Undergrad: 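I am attaching a structure below and will ask some questions about it afterwards.
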Amino acid sequence: MRHHFLATACAAVAGMAFFVGGQALAAPTESFTPAQRAEIVGIMREALQNDPTILTDAIRSIREKAEEQKQDSTLAAVRAHQSELQTAPAFAIRGNPHGKITVVEFYDPRCSYCRSMMGEVDSFLNRHPDVRLVEKVVPVLGNNSVLDTRAIFAASMQGKYEAMRKALMEDTTKPSMERIAELAQANGIDAKKLAADMNSPQTITLINTNLDQGRSVGLDGTPTFIFGTAAVAPGALEPDQMDAFLDRARKA
């Protein structure tokens with residue numbers, strides 16, 4: 001964190017204009033003499049000492065521009081891969097399967113933020129009956145995520161995707177095949193078939209498809225929500241944020 005902040009600060013200092021008495025001075029160039037460059041550096045130091053918000057504002061501006069560029073790039077990728085992103089097996093589609101607006105959610109079953117969003121997503125779908133939600137399970141947090149994801153997809157072969165998804169994401173026990181078998185039995189799932197299907201080519205293909213789609217749009221964390229082709233929103237969201245992004249998608 002500290003290294004990143006210092007790098008940003010250096011970039012801000014390098015790229016900022018210098019102000020004296022409200023007048024902007026051009027950044028130093030090779031046409032300046034050593035004395036002129038030293039004078040400009042002195043002016044900059046004095047300005048920063050007298051008003052540190054100059055640097056703060058410059059850093060904020062750089063970050064905002066970087067985020068805008070990243071969002072533009074991500075949305076371009078979303079538009080390029082819209083068909084694949086909005087396609088999923090029937091078991092991974094929630095809300096209104098014929099809804100006018102499609103929202104895609106990338107989630108990891110071991111992600112605490114994804115877990116915290118479960119109730120929010122349910123409420124969101126209840127508030128907006130015209131929304132079609134496409135779930136993309138992506139195991140990005142290590143071996144336990146892979147184990148749970150395999151179990152979720154394997155359960156779908158017995159028509160129990162939602163039951164296993166919910167059971168695993170609400171479970172606080174350390175992940176293991178033994179625990180998965182217990183949860184399977186508790187939810188009417190054939191544990192032996194589940195274990196076999198966890199290693200099936202179909203399960204592996206489902207996982208790799210979602211991971212490939214995540215990479216195609218530069219996914220860098222979970223949860224990440226894609227509202228139509230209008231907005232990509234990473235992280236846990238508040239209800240008003242989700243509604244605002246949805247409104248943006250409706251107007252796009």
Side-chain angles (χ1 to χ4, degrees), residues 74-75 77-111 113-140 145 148-170 187-189 194 197-198 200-217 219 222-234 236-237 239 241-243 245-250 252:
T74 301
L75 286 177
V78 166
R79 288 189 288 270
H81 298 277
Q82 180 180 2
S83 178
E84 305 100 282
L85 290 169
Q86 296 187 356
T87 299
F91 62 77
I93 296 176
R94 298 176 59 202
N96 183 346
H98 306 292
K100 297 179 180 179
I101 300 293
T102 295
V103 176
V104 178
E105 178 191 7
F106 282 93
Y107 76 90
D108 184 308
R110 302 304 306 177
C111 165
Y113 296 106
C114 300
R115 292 181 171 204
S116 72
M117 284 299 298
M118 290 177 66
E120 294 294 349
V121 171
D122 290 343
S123 297
F124 174 73
L125 292 176
N126 288 333
R127 290 197 305 276
H128 304 288
D130 62 335
V131 170
R132 174 178 177 266
L133 180 73
V134 177
E135 294 184 339
K136 305 284 184 178
V137 197
V138 285
V140 296
S145 295
D148 281 5
T149 301
R150 286 165 54 205
I152 290 170
F153 279 136
S156 73
M157 300 174 198
Q158 297 183 50
K160 294 287 188 175
Y161 165 90
E162 178 61 20
M164 182 56 80
R165 180 190 77 87
K166 186 175 181 181
L168 284 171
M169 292 186 72
E170 291 180 347
N187 286 277
I189 300 170
L194 182 79
D197 288 338
M198 285 175 67
S200 70
Q202 182 177 345
T203 294
I204 302 305
T205 296
L206 288 167
I207 293 174
N208 286 335
T209 296
N210 284 357
L211 288 172
D212 287 343
Q213 290 177 359
R215 283 189 286 266
S216 74
V217 295
L219 182 75
T222 56
T224 291
F225 296 88
I226 302 175
F227 294 81
T229 58
V232 177
L237 303 176
Q241 291 177 307
M242 297 191 73
D243 291 348
F245 284 125
L246 181 61
D247 286 342
R248 188 186 304 180
R250 285 186 172 131

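Heavy atoms only: backbone and side chains are in, while hydrogens, waters and symmetry mates are out. Given the structure is predicted, the values throughout are model-derived calculations rather than measurements.
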Undergrad: Are any of the side-chain heavy atoms of Lys136 and Gln213 separated by less than 4.5 Å?
TA: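 Sidechains of Gln213 and Lys136: in contact.
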
Undergrad: Under the criterion salt bridge (Lys or Arg N to Asp or Glu O under 4.0 Å), I'd like the reasoning laid out for Asp197 against Arg150: C-alpha separation, chi angles, the key distance, then a yes or no.
TA: CA-CA 8 Å; Asp197 288 338; Arg150 286 165 54 205; over 6 Å; no

Undergrad: Could you report the tightest heavy-atom contact between Pro239 and Arg127, atom names first, then the distance?
TA: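 It is O-NH2, 3.6 Å.
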
Undergrad: Closest heavy-atom contact between Pro139 and Thr149?
TA: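 In this case the closest contact between Pro139 and Thr149 is CB-OG1, 3.5 Å.
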
Undergrad: Starting from the C-alpha separation in whole Å, work towards a yes-or-no answer on side-chain contact (heavy atoms from CB on, under 4.5 Å) for Thr222 and Val138.
TA: CA-CA 8 Å; Thr222 56; Val138 285; 3.8 Å; yes

Undergrad: Would Val232 and Leu75 satisfy side-chain contact (heavy atoms from CB on, under 4.5 Å), going step by step from the backbone distance to the final call?
TA: CA-CA 7 Å; Val232 177; Leu75 286 177; 3.8 Å; yes

Undergrad: Looking only at the side chains, is there a donor atom on one of Asn96 and His128 sitting less than 3.5 Å from an acceptor on the other?
TA: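 No.
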
Undergrad: Any side-chain to backbone donor/acceptor pair from Ser156 onto Gly159? Under 3.5 Å, distance only.
TA: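 A pair under 3.5 Å: no.
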
Undergrad: For the residue pair Leu168 and Arg110, what are the closest heavy atoms and their distance?
TA: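 That closest heavy-atom pairing would be O-NH1, 4.3 Å.
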
Undergrad: Please name the pair of heavy atoms, one in Leu85 and one in Val134, separated by the smallest distance, quoted to 0.1 Å.
TA: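 For Leu85 and Val134, the tightest heavy-atom pair comes out as O-CG1, 3.8 Å.
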
Undergrad: I'd like to check Arg215 versus Asp212 (side-chain heavy atoms, cut-off strictly below 4.5 Å). Are they in contact?
TA: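 In short, these two side chains touch, coming nearer than 4.5 Å.
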
Undergrad: Is the shortest heavy-atom distance from the side chain of Asp130 to the side chain of Arg250 under 4.5 Å?
TA: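 Asp130 vs Arg250: side chains touch.
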
Undergrad: Might you point out which heavy atoms bring Ala155 and Met164 nearest each other, and give the distance in Å?
TA: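 Result for this residue pair: CB-CB, 3.5 Å.
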
Undergrad: With rounding to the nearest 0.5 angstrom, report the CG to CG distance, Asn210 to Asp108.
TA: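 Asn210 CG to Asp108 CG: 11.5 Å, rounded to 0.5 Å.
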
Undergrad: Using 30° and 60° as the class limits, which term best fits the ring planes of Tyr161 and Phe91: parallel, tilted or perpendicular?
TA: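 Geometry flag for Phe91 against Tyr161: tilted rings.
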
Undergrad: For Met117 and Phe225, run side-chain contact (heavy atoms from CB on, under 4.5 Å): C-alpha distance rounded to whole Å, both residues' side-chain angles, the deciding distance at 0.1 Å, then the answer.
TA: CA-CA 11 Å; Met117 284 299 298; Phe225 296 88; 3.9 Å; yes

Undergrad: Looking only at side-chain N and O atoms, does Arg132 offer a donor or acceptor that is under 3.5 Å from a partner on Thr102?
TA: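 Looking only at side-chain atoms, Arg132 and Thr102 do form a donor-acceptor pair, the distance falling under 3.5 Å.
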
Undergrad: Mind listing the closest non-hydrogen atom pair of Val78 and Gly228 along with its distance?
TA: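 So the minimum-distance heavy-atom pair works out to CG1-O, 3.9 Å.
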
Undergrad: Going by side-chain contact (heavy atoms from CB on, under 4.5 Å), Arg94 matches just one of Leu133, Val131, Val103. Which one?
TA: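 Testing Arg94 for a side-chain contact (heavy atoms from CB on, under 4.5 Å) against Leu133, Val131, Val103 leaves exactly one candidate, Leu133.
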
Undergrad: Report the C-alpha separation of Arg248 and Phe227 in whole Å, then their side-chain angles, then the decisive distance to 0.1 Å, and conclude whether the side-chain contact (heavy atoms from CB on, under 4.5 Å) test is met.
TA: CA-CA 8 Å; Arg248 188 186 304 180; Phe227 294 81; over 6 Å; no

Undergrad: Any side-chain heavy atom of Phe106 within less than 4.5 Å of one from Val137?
TA: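 A side-chain contact under 4.5 Å is absent here.
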
Undergrad: Find the distance between CD1 (Ile152) and CD (Glu135) and round it off to the nearest 0.5 Å.
TA: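 Ile152 atom CD1 to Glu135 atom CD measures 9.0 Å (nearest 0.5 Å).
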
Undergrad: Do Asp243 and Phe124 have side chains that get closer than 4.5 Å, going by heavy atoms?
TA: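 Yes, side chains in contact.
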
Undergrad: Any heavy-atom pair between the side chains of Cys114 and Met169 that's under 4.5 Å?
TA: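 Yes, close enough: below the 4.5 Å cut-off.
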
Undergrad: Determine whether Tyr107 and Arg165 make a side-chain contact, defined as any pair of heavy atoms from C-beta on separated by less than 4.5 Å.
TA: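 In short, these two side chains touch, coming nearer than 4.5 Å.
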
Undergrad: Could you check whether any side-chain heavy atom of Val140 comes within less than 4.5 Å of a side-chain heavy atom of Ser145, counting everything from C-beta outward?
TA: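 Contact flag for Val140/Ser145 side chains = no.
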
